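All of these numbers come straight from a predicted model, not from anything done at the bench. Letters A, B, ... mirror the listed sequences (proteins, then strands); counts begin at 1.
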Number of protein chains: 2
Amino acid sequence: MAGGAVRTETRIQREKRERILESALEIFSEYGFRGATIDQIALASDMSKPNLLYYFRSKEDIHATLLTRLLDMWLAPLREIRAGGEPLEELRGYIARKLEMARDFPRESRLFANEILQGAPRIKPMLEGELRHLVHDKAALIQSWIDNGELAKTDPFHLIFSIWATTQHYADFDVQVQAVLGPEQSGKRRFEAAEDFLEHLFLRSLRP
Amino acid sequence: MAGGAVRTETRIQREKRERILESALEIFSEYGFRGATIDQIALASDMSKPNLLYYFRSKEDIHATLLTRLLDMWLAPLREIRAGGEPLEELRGYIARKLEMARDFPRESRLFANEILQGAPRIKPMLEGELRHLVHDKAALIQSWIDNGELAKTDPFHLIFSIWATTQHYADFDVQVQAVLGPEQSGKRRFEAAEDFLEHLFLRSLRP
DNA sequence: GATAGATTTTTCCAAATAGTCAAAAAATTA
DNA sequence: TAATTTTTTGACTATTTGGAAAAATCTATC
């Protein structure tokens, strides 16, 4: 049946693959690609290793699937910056959305951070293609706002980098943040304080 | 000879241990602790694995030695903030020093980032002790400047976090920064632009 | 309830990897 | 230079790990 119909996924397949990806996200984000083992993921998924390998051909395969899914989600907040909006409000919204992602999806943030930190062996092409393109696009938009006098003069690229850095820091370096602030301060409180701080920081420097 | 004299390190020991640490920094910072192998480090140090293990008892031991050495260096810029100095100038200097470290010691930055990202299994005590203490100390100093009206109202802790995040980003996420900016922009140029940007960003928001 | 197809388990394997040990070689000291 | 100590090597081991193969079991459908 060469080139024949691709059998549609059964319910069990969908569910198990989902379960595996969920566990894998947990494990990969905590230990990195090499630090994670298939056995760990299988255990966390409540299935045997060979069984897991029935749903994914390899460890690579699981990892690649996670990264691919992640990327769209990861870039969404940036995409949402609208040319038609009020510049300061658009950027405030962007910062808030990025910080929400760090708060609600810290494992995804760490998965991504692990990948980049190790030289992005698996997503370099995407960084140099899609990401680069999107950032240039939005940087041009920000530049146009600056040229219009709606924003203070600044470097749009480094502005974007510093928004990435500061927001993701709360997910990626969470242990450190908690160690410094002490465990008594709740996660919610930490993120509220972070949001207040970041809005002030960026908006003060962006107001024309 | 229980409790006897600790033989002083020979020249060869000093040199070889140094060579191993240098290679290990290279490898660990690129692949993380689990991703790195003793064989890789031995190869990079130009010696056999058993020979390397003659100088360090284990992989752990090498890694621990690197981290311990790193920590002092890592906190130095923060320590240098002086109560007697001019607040804005002290903070400008701090940002500049941190950015220089990201530029001149990216491998150290990545080693540290790898460790934190994986939950700081080996340096958590130090984060909760020495680091926490130092940060609280400097945060109090910054707060006193704010109370004196020498700085704008802001959260000193999140200020420090965001300085860490933005400066280290240029070391830890270098692949991504380069992918976005393109390879034509030299490292030097990138860091100059970053410094300009960060000074504006922080100083505008800190001026009373 | 027989059968084809999907799923799961049991058993296995080969490569990678951290680390050991004893003997050889080199360097240092007496 | 002989004795002693330090350094290096080669051969080896035990364990972990990613993955394969095939048999066994389950499930949906006729």
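- Put simply, CZ on A:Arg57 is 13 Å from P on D:dA21, counting in whole angstrom units.
- Residue-level contact check: B:Phe56 touches neither bases nor backbone, having no heavy atom under 4.0 Å from any strand.
- B:Ile38 comes within 4.0 angstrom of sugar-phosphate atoms only, judged by non-hydrogen atoms across all strands, and of no base.
- Between A:Tyr54 atom OH and D:dA24 atom P there is a gap of 18 Å when expressed in whole angstrom units.
- At whole-Å resolution of the value, CE in A:Met47 and P in C:dT9 are 9 Å apart.
- Among the heavy atoms of the strands, none lies under 4.0 Å from A:Ala42.
- Among the nucleotides C:dT9, D:dT17, D:dT9, the one closest to the side chain of B:Asn51 is D:dT9.
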List the atom pairs, donor and acceptor, that lie under 3.5 Å between side-chain atoms in residues 44-53 of chain B and the rest of the protein, sequence neighbours left out.
unit_1: B:Ser45; atom_1: OG; unit_2: B:Ser23; atom_2: OG; d: 3.1
unit_1: B:Ser45; atom_1: OG; unit_2: B:Ile41; atom_2: O; d: 2.6
unit_1: B:Ser48; atom_1: OG; unit_2: B:Asn51; atom_2: N; d: 3.3

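- The nucleotide whose nearest atom lies closest to any side-chain atom of A:Thr37 is, among D:dT17, C:dT7, C:dA18, D:dT17.
- A:Glu22 and A:Arg107 are joined by a salt bridge, as a carboxylate oxygen and a charged side-chain nitrogen come within less than 4.0 angstrom of each other.
- The side chain of A:Ser58 sits closest to D:dG19 out of D:dG19, C:dA18, C:dT7.
- Closest to the side chain of B:Gln13, out of D:dT7, D:dT9, C:dT20, is D:dT7.
- The interatomic distance linking A:Leu53 (CG) with C:dT9 (P) rounds to 13 Å, in whole Å.
- Side-chain N/O atoms of B:Arg34 include one lying less than 4.0 angstrom from OP1 or OP2 on D:dT17.
- Remark: C1' of C:dT7 and CD1 of A:Ile20 are 12 Å apart, rounded to the nearest angstrom.
- Put simply, CD on A:Gln40 is 9 Å from P on D:dG18, counting in whole angstrom units.
- Set against C:dT11, D:dT7, D:dT17, the side chain of A:Pro50 has C:dT11 as its closest nucleotide.
- The pair A:Arg92-A:Glu199 counts as a salt bridge, with a side-chain nitrogen and a carboxylate oxygen less than 4.0 angstrom apart.
- When each of C:dT17, D:dG18, D:dT7 is scored by its nearest atom to the side-chain atoms of A:Lys59, the top-ranked nucleotide is D:dG18.
- Ion pairing between a basic and an acidic side chain is recognised when a charged N comes within 4.0 Å of a carboxylate O; B:Glu30 and A:Arg34 show no such pairing.
- For A:Lys49 against D:dG18, a side-chain-to-base donor-acceptor contact under 3.5 Å is present.
- Taking atom OH on A:Tyr31 and atom C1' on D:dT17, their separation rounds to 16 Å, with Å as the unit.
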Side chains of residues 111-130 of chain B: which donor-acceptor pairs under 3.5 Å do they make with residues two or more places apart or in other chains?
unit_1: B:Asn114; atom_1: OD1; unit_2: A:Gln118; atom_2: NE2; d: 3.3
unit_1: B:Asn114; atom_1: ND2; unit_2: B:Arg110; atom_2: O; d: 3.4
unit_1: B:Glu115; atom_1: OE1; unit_2: B:Arg122; atom_2: NE; d: 3.4
unit_1: B:Glu115; atom_1: OE2; unit_2: B:Arg122; atom_2: N; d: 2.7
unit_1: B:Glu115; atom_1: OE2; unit_2: B:Ile123; atom_2: N; d: 3.3
unit_1: B:Gln118; atom_1: NE2; unit_2: A:Asn114; atom_2: OD1; d: 3.3
unit_1: B:Arg122; atom_1: NH1; unit_2: B:Glu60; atom_2: OE1; d: 3.4
unit_1: B:Arg122; atom_1: NH1; unit_2: B:Glu60; atom_2: OE2; d: 2.4
unit_1: B:Glu130; atom_1: OE2; unit_2: B:Arg79; atom_2: NH2; d: 3.1

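- Following rounding to the nearest Å, A:Leu52 (CG) and C:dT7 (C1') show an atom-to-atom distance of 13 Å.
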